[in-house]
Every structure is written in C-alpha cells, then in structure tokens.
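Every heavy atom of this structure was used, including side-chain atoms; hydrogens, water molecules and symmetry mates were not. Here the structure is a predicted model, which is why all the values come from computation and not from measurement.
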Amino acid sequence: MNHQVSPIGYVRSCFKEKFAIPRQPQLAPAARGVLELCPPFDGGDAVQGLEKVSHVWLLFLFHQALEDKPRLKVRPPRLGGNRAIGVFATRATHRPNGIGQSVVKLEKVDQDRLWLSGIDLLDGTPVLDVKPYVPYADNVPGAHNHIATDAPAQIDVLWQDSALDSARSHALRLGEPLVELIEQCLAQDPRPAYQQPTPERRYGVRLWDVDVHWHYPQSGCIKVLAITMP
C-alpha cells in the first residue's frame, strides 16, 4: 500500500549545506530558522493555540538524501563512520522513507510561519507535520540508549582575531547570534571521524550568507581563520 504526502511548509534555515549541521537538534541553540507554512495552513487556524507551547516536533523529509533502494544497515558518525548497524537503531539521514524528526524550540508564532531555534535542518527542508512537545509524555524517566548514552564530546574552538571581528560585524548586520552559532556547530567537530586533518588542510561551510573557514592546528582543536562573503 502506498501513501502520498505533501509538505505543510518549508524551513528557511541558517544551514545552507549539509556539512557542519549538528547531528541532533538542541546541540546548537543559536541555530535559527523559520518554518514558512503553505496553503491552506497559512491562514492562522492551523497554529491557533500553539503560542502556549515552548517546543514542537517537526516531521520532515531528508530531501537531499532520498534513495530508491532502502538501506538495511548504515554507518552512523557516532560510531566513527566505520561500523555498520541496523538503520532502525540509528537516526541516520538514510531512512526507508526519508523521514526525519526533530524537537526544536518555538520562539514565536505568526499565522503563516513559525520561528524556531535549536534546529538541525537544512535550508529548504520540506516539513510534513508539526506536533507540540508534551513533557509528561515525551520525557520518559528511566529511558536509555546504550549506543548514544551522552551528547558528543565537544572540542575547543579558537579564533583568529580578524575572523572574530568579522563574525561580530556580520552578526550585527544579520541580527543573528553568528559567533555563538559558529562556535556551537564547530564544537561538535563536523569533519568525518575517519579524517585525520593536518594543520595545512582548510575546511569551510556556509552559515546564513557568509562562508566560515577553519583548520585543525592540533588534535582536538579548531581555529576559525576567516569569515568571508561568497
């Protein structure tokens, strides 16, 4: 039996590419975005009462990771990217139907859009549904996951003085906590676990409308080198 679903809206996100997106929601509270609702959900009726809710569940499509043939096993980054386990034991983006879920903070409610923070969604992500977070039901005492027992360890993030000055200037222009966003995302160490970068190797990612450049001067440490406009 096949079912057809249609997006109820699309996310406009600070993340313009998949690289450096936190692997779970809430790991970067400064990551912000807006869910723009599509008709007929943009008239105000569908979000009535949502102003009483602090967090929402988003059900969405991994629209850049859709696959015709389902994967039965995946290699999650949490396990170093070289150990395969069952897809249903992970939150990997390679889902049988491409469906993801994230619990995010609801900052503001307008009739045609929801303002969000703590997101882990790529710009343009199609959202299939929005559901309120219900603390007494969604927070399960005694729950465990022995694969991912704790949040990933963070690494130190240092700044070149000129890069920090530039980030602060762009933060004022954007009206967004850009410095905090960069630090929170890079502290998750976005590089693939199997890579052992030398200090000469440069990495980069686009956040909002700026490109962030960094390297690894030593093991367990990132240094932001420059913030540039594309």
(request) Quick one: pull up NE2 in His144 and NE2 in His146 and give me the separation to the nearest 0.5 Å. (result) 3.5 Å
(request) Count the heavy atoms belonging to other residues, nucleotides or ligands that lie under 6.0 Å from CG of Asp161, then report whether that count exceeds 12. (result) no
(request) For Asp110 and Asp112, indicate whether the former's side chain and the latter's backbone hold a donor-acceptor pair under 3.5 Å. (result) no
(request) Please answer whether the main-chain N or O of Glu200 pairs with a side-chain N or O of Arg202 as donor and acceptor at a distance below 3.5 Å. (result) yes
(request) Could you tell me which non-hydrogen atom of Leu27 sits nearest to which non-hydrogen atom of Gln184, and how far apart they are? (result) O-CB, 4.3 Å
(request) Before giving the answer on side chain to side chain contact (heavy atoms under 4.5 Å, CB included), spell out for Val87 and Leu72 the whole-Å C-alpha distance, their side-chain angles and the decisive distance to 0.1 Å. (result) CA-CA 6 Å; Val87 63; Leu72 303 184; 5.6 Å; no
(message) According to a hydrophobic-cluster definition based on side-chain heavy atoms being under 4.5 Å apart (Ile, Leu, Val, Met, Phe, Trp, Tyr only), do Ile119 and Val205 belong together?
(response) yes
(message) Would the distance check show the side chain of His215 and the main-chain N or O of Pro199 forming a donor-acceptor pair, the cut-off being under 3.5 Å?
(response) yes
(message) I need the Gln111 CD to Asp42 CG distance, nearest 0.5 Å.
(response) 7.5 Å
(message) Less than 4.5 Å apart, side chain to side chain, heavy atoms only: is that true for Pro76 and Ile85?
(response) yes
(message) With a sphere of 6.0 Å drawn around CG of Leu172, does it hold more than 12 non-hydrogen atoms of other residues, nucleotides or ligands?
(response) yes
(request) Grab the two heavy atoms, one from Gly98 and one from Leu66, that are nearest each other, plus how far apart they are. (result) CA-CD2, 3.7 Å
(request) Give, for atom CG of Asp156 and atom CD of Glu183, the distance between the pair rounded to the nearest 0.5 Å. (result) 10.5 Å
(request) Decide whether Asp189 and Tyr216 meet the rule of one side-chain donor and one side-chain acceptor closer than 3.5 Å. (result) yes
(message) Would a single hydrophobic cluster contain both Val104 and Leu59, if residues Ile, Leu, Val, Met, Phe, Trp and Tyr are joined by side-chain heavy-atom contacts under 4.5 Å?
(response) no
(request) Group every Ile, Leu, Val, Met, Phe, Trp and Tyr by side-chain heavy-atom contacts under 4.5 Å, then state whether Trp115 and Val11 land in the same group. (result) no
(message) Membership question, hydrophobic clusters at under 4.5 Å side-chain separation (ILVMFWY): are Val210 and Leu164 in the same one?
(response) yes
(message) Between Leu114 and Val34, is there a side-chain heavy-atom distance shorter than 4.5 Å?
(response) no
(request) Say whether Gln160 and Ser162, considering side chains only, have a donor N or O and an acceptor N or O under 3.5 Å apart. (result) no
(message) Rounded to the nearest 0.5 Å, what separates atom CG in Leu121 from atom OG in Ser102?
(response) 5.0 Å
(message) In the structure I gave you, are the side-chain heavy atoms of Trp159 and Ile182 within less than 4.5 Å of one another anywhere?
(response) yes
(request) Indicate yes or no: at least one non-hydrogen side-chain atom of Asn97 is less than 4.5 angstrom from one of Arg95. (result) no
(request) Before accepting this row, confirm whether a basic side-chain N of the pair Asp138/Lys131 lies closer than 4.0 Å to the acidic partner's carboxylate O. (result) no
(message) Ignoring hydrogens, what is the shortest heavy-atom contact between Asp209 and Met229? Give both atom names and the distance.
(response) O-SD, 3.7 Å
(request) Say whether, by atom type as modelled, one donor and one acceptor occur between the side chain of Glu51 and the main chain of Val109 under 3.5 angstrom. (result) no
(message) Can you confirm whether the side chains of Gln195 and Tyr203 place a donor and an acceptor under 3.5 Å from each other?
(response) yes
(message) Any heavy-atom pair between the side chains of His55 and Gln26 that's under 4.5 Å?
(response) yes
(message) To check you understand the geometry: which heavy-atom pair defines the closest contact between Pro70 and Asp68, and what is its length?
(response) CD-O, 3.7 Å
(request) Apply side chain to side chain contact (heavy atoms under 4.5 Å, CB included) to Gln188 and Arg23, showing your working. (result) CA-CA 8 Å; Gln188 310 298 322; Arg23 297 184 178 109; 5.6 Å; no
(message) With a 3.5 Å distance limit and no angle check, can you tell me whether Thr125 reaches the backbone of Leu122 through a side-chain donor-acceptor pair?
(response) yes
(message) Distance alone, cut at 3.5 Å: any donor-acceptor contact between the side chains of Thr228 and His213?
(response) yes
(request) Apply the side chain to side chain donor-acceptor pair (under 3.5 Å) test between Ser117 and each candidate in Glu107, Lys105, Arg32; give the one that qualifies. (result) Glu107
(request) Begin from the C-alpha positions of Leu50 and Val56 and carry the test side chain to side chain contact (heavy atoms under 4.5 Å, CB included) through to its verdict. (result) CA-CA 9 Å; Leu50 205 54; Val56 292; 4.1 Å; yes
(request) Report the distance from atom CD1 of Ile99 to atom CZ of Phe60, rounding to the nearest 0.5 Å. (result) 10.0 Å
(message) To the nearest 0.5 Å, what is the distance between CG on Leu58 and CG on Leu35?
(response) 6.5 Å
(message) Tell me the closest heavy-atom pair linking Ile227 and Val224, and the distance in Å.
(response) CD1-CG1, 4.0 Å
(request) Would you indicate whether the side-chain heavy atoms of Val127 and Pro7 approach each other to under 4.5 Å? (result) no
(message) Could you check whether any side-chain N or O of Lys18 sits under 3.5 Å from a backbone N or O of Phe15, counting only pairs where one atom can act as donor and the other as acceptor?
(response) no
(request) Locate the shortest heavy-atom distance separating Phe88 from Pro96; write the atom from each residue and the value. (result) CE2-CG, 3.7 Å
(message) Do Pro126 and Phe62 have side chains that approach each other closer than 4.5 Å (heavy atoms only, starting at C-beta)?
(response) no
(message) Tell me whether Glu17 contacts the main-chain N or O of Arg206 through its side chain, where contact means a donor paired with an acceptor under 3.5 Å.
(response) yes
(request) Just do the side chain to side chain contact (heavy atoms under 4.5 Å, CB included) check on Trp57 and Val130 with the steps written out, would you? (result) CA-CA 6 Å; Trp57 289 101; Val130 177; over 6 Å; no
(request) Flag the pair Ile155 / Ile222 as yes when at least one side-chain heavy-atom distance between them is below 4.5 Å, and no otherwise. (result) yes
(message) Has Asp123 got a side-chain atom pairing as donor or acceptor with Lys16's backbone, closer than 3.5 angstrom?
(response) no
(message) Check for me, please, whether Leu181 and Phe19 land in the same ILVMFWY cluster - side-chain distances under 4.5 Å, paths through other members count.
(response) yes
(request) Answer with yes or no whether the side chains of Gln24 and Arg91 bring together a donor and an acceptor at under 3.5 Å. (result) yes
